[in-house]
Amino acid sequence: MVLDKLGSSLKNTLAKIAKSMFVDERIINELVKDIQKALLQADVNVKLVFELTNSIKKRALAEKTPAGVSQREYLIKIVYEELVKFLGGEKNEIVIDKTKKPFKIMMIGLNGSGKTTTIGKIARYYSNRGFKVAAIGLDVHRPAAPLQLQQICDKIKVQCFIDEKEKNALKIYKKFEKDFKDYDLLIIDTAGRDALSEDLVKEITELNNYIKANENLLVISADIGQTAQKQAESFHNSCGVNGVIVSKLDGTAKGGGALSACAVTKAPIKFIGIGEKPEDIEVFNPKGFVGRLLGMGDLEALLEKAREAIDENTAEDLGKKMLKGDFNFLDLYEQMSAMSKMGPLSKIVEMIPGFGGAKIPKEMLDGQEGKLKKWKHMMQSMTKEELEDPEIITKDRIERIAKGSGCTATEVRELLKQYKETKKMMKMLGGSEDPTKLMKKFKGKMSKGFGA
Ligand code: GDP
Ligand code: MG
């Protein structure tokens, strides 16, 4: 697997989150530290690492977890989204314009970066998708270069134009130019150097001026790690690169550095090379890439497990509301059903500090299930306004609700009474202690009580 070491460190980190009972600042700090360690080991630039983990932390602390999602899931979602953004966000696929005849892709890059090999991969990729593809060899510096390209093209049955005797790249191009119109896509191989030299820039510029390729793709070997940024930037500035292909991601632990370094340049990563064979190429899609890196498949199973535990968000949000005394029917109902999932209400109440000795109406604790069902029916017969502000429910409304829910008016009054009493009690309790502190204690008791 590509970047398997980085992948497994990140997976372990997220597994820790998925298994943790509650998400708090301590867990977030731990997560951030783990991610930093994993990325630094993959040769990601320190500054980039800190930028990334800062935004993860900022979001994790500031954003409110939406309803129906646990804090754990939401935190993992943030990490996923930030990593995707970190690697460039949306995928940047090359769209071959068939009317160009041919659409031209020119490969540039240093010696040994993988230009010629990548041409075989891209040629195969597009010819498998119904495009008529040809390649042309303009590397006039390395003696064996034209033959290497020819052999690669033969293997995938793609037309190859070479002239082993000619030492002027532009002349070779012009020689075959009349034949290009038969193809949808022409891929141009060029010569590299050991470093980006004036000589190379001059040669590429000359070719650029005449050929005017639709895409100038820079091939960078992943094993150079974070220095890829400088290389991508200097090629971009001197040769006008509009996309990068990061090759040899299969053979290095520094790939995270190369990918993130390229992602911050103005030239997006279009493909990644993951082996020596023609099929070892992928369109670079940050979403899919990060998903696989984090093992979203495995993660989903983990999250499923986490979901089985108590939904601490519902408990916390409603708890706060209840203690402040500003909860309504919907909250009450949700709270009751959340609690009934945890076990008998009388047991839960014992575990809540401060609640143990409180005089909770006996009706609230007895015959919970049946009552909940009736409540649900009554609440379904209420309007939104009534649910949000039960105080407005007076005589006429009571009768309407009773009729609609198949209950008696007395039962509706009972519900209203219960609501008012609970509200009063919660307000009293809330006033005695800071609700957030109380919830923290509540959480501690719960995790001990349920051993999750
Ligand atoms: P060029 O000088 O830029 O044309 O580079 P080449 O295409 O000749 O490739 C140089 C070496 O890198 C060759 O041995 C290729 O087989 C190897 N190579 C290229 N791309 C990949 C890749 O994605 N993975 C691996 N493992 N090797 C690669
Ligand atoms: Mg080559």
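Numbers for residues simply follow the sequence, beginning at 1. Both ligands and their constituent atoms are indexed starting at 1 by order of listing.
Ranking protein heavy atoms by distance to atom 2 (O) of ligand 1, first place goes to G112 N, 2.8 Å. Atom 5 (O) of ligand 1 has G114 N, 3.0 Å as its closest protein atom, hydrogens excluded (heavy atom only). The nearest protein atom to atom 28 (C) of ligand 1, hydrogens excluded, is given as K248 CG, 3.6 Å; this is a heavy-atom distance.
Listed by atom number, the atoms of ligand 1 under 4.0 Å from D250 heavy atoms are 22 (C), 23 (O), 24 (N), 25 (C), 26 (N). Distances below 4.0 Å separate heavy atoms of G273 from the following atoms of ligand 1: 23 (O). For ligand 1 and Q148, the ligand atoms under 4.0 Å from any heavy atom of the residue are 8 (O). Shown in contact with K121 at under 4.0 Å from a heavy atom are these atoms of ligand 1, numbered in order with element: 20 (N), 21 (C), 22 (C), 23 (O). In summary, the atoms of ligand 1 found under 4.0 Å from a heavy atom of I274, numbered by their order in the structure, are 23 (O).
The distance criterion of under 3.5 Å between nitrogen or oxygen atoms is not met by N111 with respect to ligand 1. Geometrically, ligand 1 and L249 share no nitrogen or oxygen pair separated by less than 3.5 Å.
For atom 19 (C) of ligand 1, the candidate residues are V219, T117, D280; the nearest heavy-atom contact is made by T117. Comparing heavy-atom distances from atom 4 (O) of ligand 1 across T116, D223, I220 singles out T116 as nearest. Looking at E276, M107, K115, it is E276 that brings a heavy atom closest to atom 14 (O) of ligand 1.
Using a cut-off of 2.8 Å, one finds that N111 contributes no N/O/S atom close to the Mg ion (ligand 2).
The side-chain contact (heavy atoms from CB on, under 4.5 Å) search around E279 returns R124, K277, not counting sequence neighbours. Contacts of T265 classified as side-chain contact (heavy atoms from CB on, under 4.5 Å), with partners at least two apart in sequence or in another chain: Q229, A232, E233, A267.
Taking the six-membered ring for Trp, F131 and Y183 have ring centres at least 6.0 Å apart.
The shortest separation from a heavy atom of G251 to ligand 1 is not under 4.0 Å, leaving the residue out of contact. Assignment of S113 to the shell around ligand 1 is supported, since a heavy atom sits closer than 4.0 Å. For the ligand labelled ligand 1, residue G275 lies inside the 4.0 Å heavy-atom shell.
Salt bridge K77/E81: present, at least one basic N to carboxylate O contact under 4.0 Å. In summary, D163 and K175 engage in a salt bridge, as defined by a charged side-chain N under 4.0 Å from a carboxylate O. Here K121 does not pair with D280 in a salt bridge; the nearest charged N to carboxylate O distance is not below 4.0 Å. A salt bridge does not link K58 to E82: none of the charged nitrogens lies less than 4.0 Å from a carboxylate oxygen. Between K202 and D199 no salt bridge is recorded (no basic side-chain N to carboxylate O distance below 4.0 Å).
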Could you walk me through whether N111 and D194 satisfy the side-chain hydrogen bond (donor to acceptor under 3.5 Å, both in side chains) test, starting with their C-alpha distance in whole Å, then the side-chain angles of each, then the deciding distance to 0.1 Å, before giving a yes or no?
CA-CA 6 Å; N111 278 340; D194 291 333; 3.2 Å; yes
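Only the backbone of L110 comes within 4.0 Å of ligand 1, judged by heavy-atom distances.
Heavy-atom neighbours of K47 NZ from other residues, nucleotides or ligands within 6.0 Å: at or below the threshold of 12.
Pairing each heavy atom of V283 with each of K91, the nearest pair is CG1-CD, 4.3 Å.
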